[in-house]
Amino acid sequence: TESLRSYTYTPQYKALYWLAFQDERRMVLPSTSREIQKLSQRYILALLYFATGGENWTHVYQFLSGLDECEWNGNNDEEYVGGVG
């Protein structure tokens, strides 16, 4: 139906599709709370990217790259899970 087709244009669908089929990091289904946090964080940041027109940002940084999402803005702090780097 038309409502199902229109769903594919939502930022939520685009973020989930990217995470499932296009993400170079290829994360496995989470089995620990840390893995759940990392997968959730990656989805939310992809959602932010698609919801705010990330492809048109002046500075894209490294969003949607195969890097750990904490490195998308140029920082690398593996212990920090609360947000981007």
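Just so you know, these numbers use all the heavy atoms, side chains as well, and skip hydrogens, waters and symmetry mates.
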Could you tell me whether the side chain of [Y] reaches within less than 4.5 Å of the side chain of [X], counting heavy atoms only?
X	Y	answer
Trp18	Arg42	yes
Asp68	Lys38	yes
Phe50	Leu64	yes

One should read off an interatomic distance between Ser40 OG and Leu45 CG, to the nearest 0.5 angstrom, of 11.0 Å
With sequence neighbours left out, the residues meeting ring-ring contact (aromatic ring centres under 6.0 Å, His included) with Tyr49 are Trp57
The ring-ring contact (aromatic ring centres under 6.0 Å, His included) partners of Tyr9 (sequence neighbours excluded) come to none
Sorted by chain and number, sequence neighbours left out, side chain to side chain donor-acceptor pair (under 3.5 Å) with Gln12 holds for none
Residues passing the side chain to side chain donor-acceptor pair (under 3.5 Å) test with Ser65, sequence neighbours excluded, are Trp72
Taken in chain and number order and not counting sequence neighbours, the residues that satisfy side-chain contact (heavy atoms from CB on, under 4.5 Å) with Tyr13 are Tyr7, Thr8, Thr10, Tyr17
Those residues at least two apart in sequence (or on a different chain) that pass side-chain contact (heavy atoms from CB on, under 4.5 Å) with Thr32 are Arg34, Glu35
Looking only at heavy atoms, the pair that brings Arg26 and Asp23 closest together is NH1-O, 2.9 Å
Nearest heavy-atom contact between Arg25 and Gly66 is NH1-O, 3.6 Å
Check against side-chain contact (heavy atoms from CB on, under 4.5 Å), Leu19 and Leu39: CA-CA 9 Å; Leu19 194 62; Leu39 185 62; 3.7 Å; yes
Leu47 and Ile36: same hydrophobic cluster, using ILVMFWY side-chain contacts below 4.5 Å?
no
